[in-house]
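As structure tokens, the structure follows; a few thoughts come after it.
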Amino acid sequence: MQQSVILGNFTDLGADMPWHVVVDWGDGSDSTTFEVNNAGLLPDKYHTWAQYEIYSVTVSVDDGDGGTDAGSFSVQVDNVPPVMSEIADQTALPGLQQWFSLGSFTDVGENSVWTISVTWGDGSPDTTFDVDSDGELPNVMHTYASDGIYTAKVIVDDGADTESANFEVLVLMDNSTP
């Protein structure tokens with residue numbers, strides 16, 4: 001997840017411009033380097049961390065004539081929950097096993113498995129399965145025993161956060177409207 005990071009400030013009594021700045025992001029990625037012509041507040045920089053955790057960021061300032069100073073601080077990268085698409089309402093016939101579309105989801109985090117749970121709204125056991133990528137969810141089968149309007153719920157769990165979307169299922173004896 002890309003974040004804007006405040007790098008702080010520095011002082012230097014000499015007229016040593018430009019100062020060379022190196023930012024070690026603490027995640028094994030390439031450092032960010034840049035120069036500034038004035039002592040004081042360093043410009044904010046953006047960085048993308050692949051996983052949510054706490055990283056130790058080190059900022060080093062070199063004045064070009066042998067003077068280098070560094071400071072470190074921690075950045076906590078929080079998980080971003082998955083985002084569900086809207087799921088279209090669907091129809092079914094009672095007592096008949098049918099396929100249902102569950103929509104899709106996106107997740108910007110570094111997840112390898114997401115757990116999907118479907119609550120059918122009719123008191124039957126939930127349908128639960130895992131997927132190994134975000135995107136379109138597979139269709140699943142379910143049987144509604146009797147007529148009615150049911151609210152089904154799809155829940156995506158990335159191991160740290162969940163997101164859900166509901167859809168209505170209209171179950172009729174025949175194709176007539178209620």
Side-chain angles (χ1 to χ4, degrees), residues 1-7 23-32 43-58 72-178:
M1 169 179 175
Q2 187 176 55
Q3 288 184 248
S4 177
V5 181
I6 299 169
L7 299 178
V23 182
D24 178 345
W25 298 106
D27 61 357
S29 66
D30 291 339
S31 295
T32 298
D44 297 355
K45 294 293 178 182
Y46 284 91
H47 185 69
T48 301
W49 283 277
Q51 297 189 62
Y52 57 96
E53 61 183 75
I54 298 174
Y55 295 94
S56 179
V57 177
T58 302
S72 295
F73 57 93
S74 295
V75 173
Q76 180 170 337
V77 178
D78 293 324
N79 183 56
V80 175
V83 176
M84 288 286 304
S85 67
E86 282 191 40
I87 304 171
D89 293 342
Q90 298 169 56
T91 60
L93 297 171
L96 181 64
Q97 189 174 34
Q98 293 179 236
W99 290 101
F100 291 90
S101 173
L102 304 180
S104 64
F105 75 99
T106 57
D107 195 341
V108 298
E110 280 287 316
N111 302 52
S112 59
V113 175
W114 292 263
T115 299
I116 311 302
S117 298
V118 183
T119 302
W120 296 103
D122 62 354
S124 66
D126 293 354
T127 300
T128 302
F129 58 94
D130 292 336
V131 295
D132 59 6
S133 65
D134 61 349
E136 193 70 28
L137 291 169
N139 293 341
V140 294
M141 295 189 95
H142 183 70
T143 303
Y144 283 95
S146 59
D147 291 9
I149 299 173
Y150 301 91
T151 300
K153 182 179 201 174
V154 179
I155 303 166
V156 177
D157 184 341
D158 69 5
D161 289 304
T162 61
E163 181 62 36
S164 64
N166 294 338
F167 64 98
E168 297 291 321
V169 179
L170 176 59
V171 180
L172 296 172
M173 252 332 191
D174 56 31
N175 288 333
S176 63
T177 56

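All values reported here derive from a predicted model rather than from experimental measurement.
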Do you know the tightest heavy-atom contact between S101 and Q90? O-NE2, 2.8 Å

Least distance between heavy atoms, V77 atom then Q3 atom: CG2-OE1, 3.4 Å

Distance col, row F73:CZ vs T58:OG1, nearest 0.5 angstrom, shows 8.5 Å

Please give me the minimum heavy-atom distance between T91 and F100, naming the atom from each residue. O-CE2, 4.3 Å

With distance as the sole test, does D126 use its side chain to make a donor-acceptor pair with the main-chain N or O of T128 at under 3.5 Å? no

Evaluate the ring planes of H142 and W120, with Trp represented by its six-membered ring, and classify them as parallel (under 30°), tilted (30 to 60°) or perpendicular (over 60°). parallel

Side chain to side chain contact (heavy atoms under 4.5 Å, CB included) between T32 and Y46, intermediate numbers included: CA-CA 10 Å; T32 298; Y46 284 91; over 6 Å; no

Note: P82 and E163 closest approach over all heavy atoms is O-CB, 3.1 Å

State whether the side chain of S85 and the backbone N or O of S104 hold a donor-acceptor pair below 3.5 Å, judged by distance alone. yes

Rounded to the nearest 0.5 angstrom, the OH-CD distance for Y55 and Q76 is 11.0 Å

CG of D122 to OG of S146: how many Å apart, nearest 0.5 Å? 8.0 Å

For the NE2 atom of H47 and the OG atom of S4, what is their distance to the nearest 0.5 Å? 12.5 Å

Closest heavy-atom contact between S74 and I54? CB-CG2, 3.9 Å

Output the distance between atom CG (L170) and atom OH (Y144), rounded to the nearest 0.5 Å. 11.0 Å

Give the C-alpha distance, both sets of side-chain angles, the deciding distance and a yes or no for side chain to side chain contact (heavy atoms under 4.5 Å, CB included) between V154 and F167. CA-CA 8 Å; V154 179; F167 64 98; 3.9 Å; yes

If every non-hydrogen atom of P138 is compared with every non-hydrogen atom of F129, which pair is closest and at what distance? CG-CE1, 3.7 Å

I'd like to know if the side chain of N166 and the backbone of T151 have a donor-acceptor N/O pair within less than 3.5 Å. no

Hey, what do you get for CE (M84) to OG1 (T106), rounding to the nearest 0.5 Å? 10.0 Å

Given side chains that start at C-beta, do those of V5 and K45 come closer than 4.5 Å, heavy atoms only? no

Do V140 and L102 come close enough that some side-chain heavy atom pair is under 4.5 Å? yes

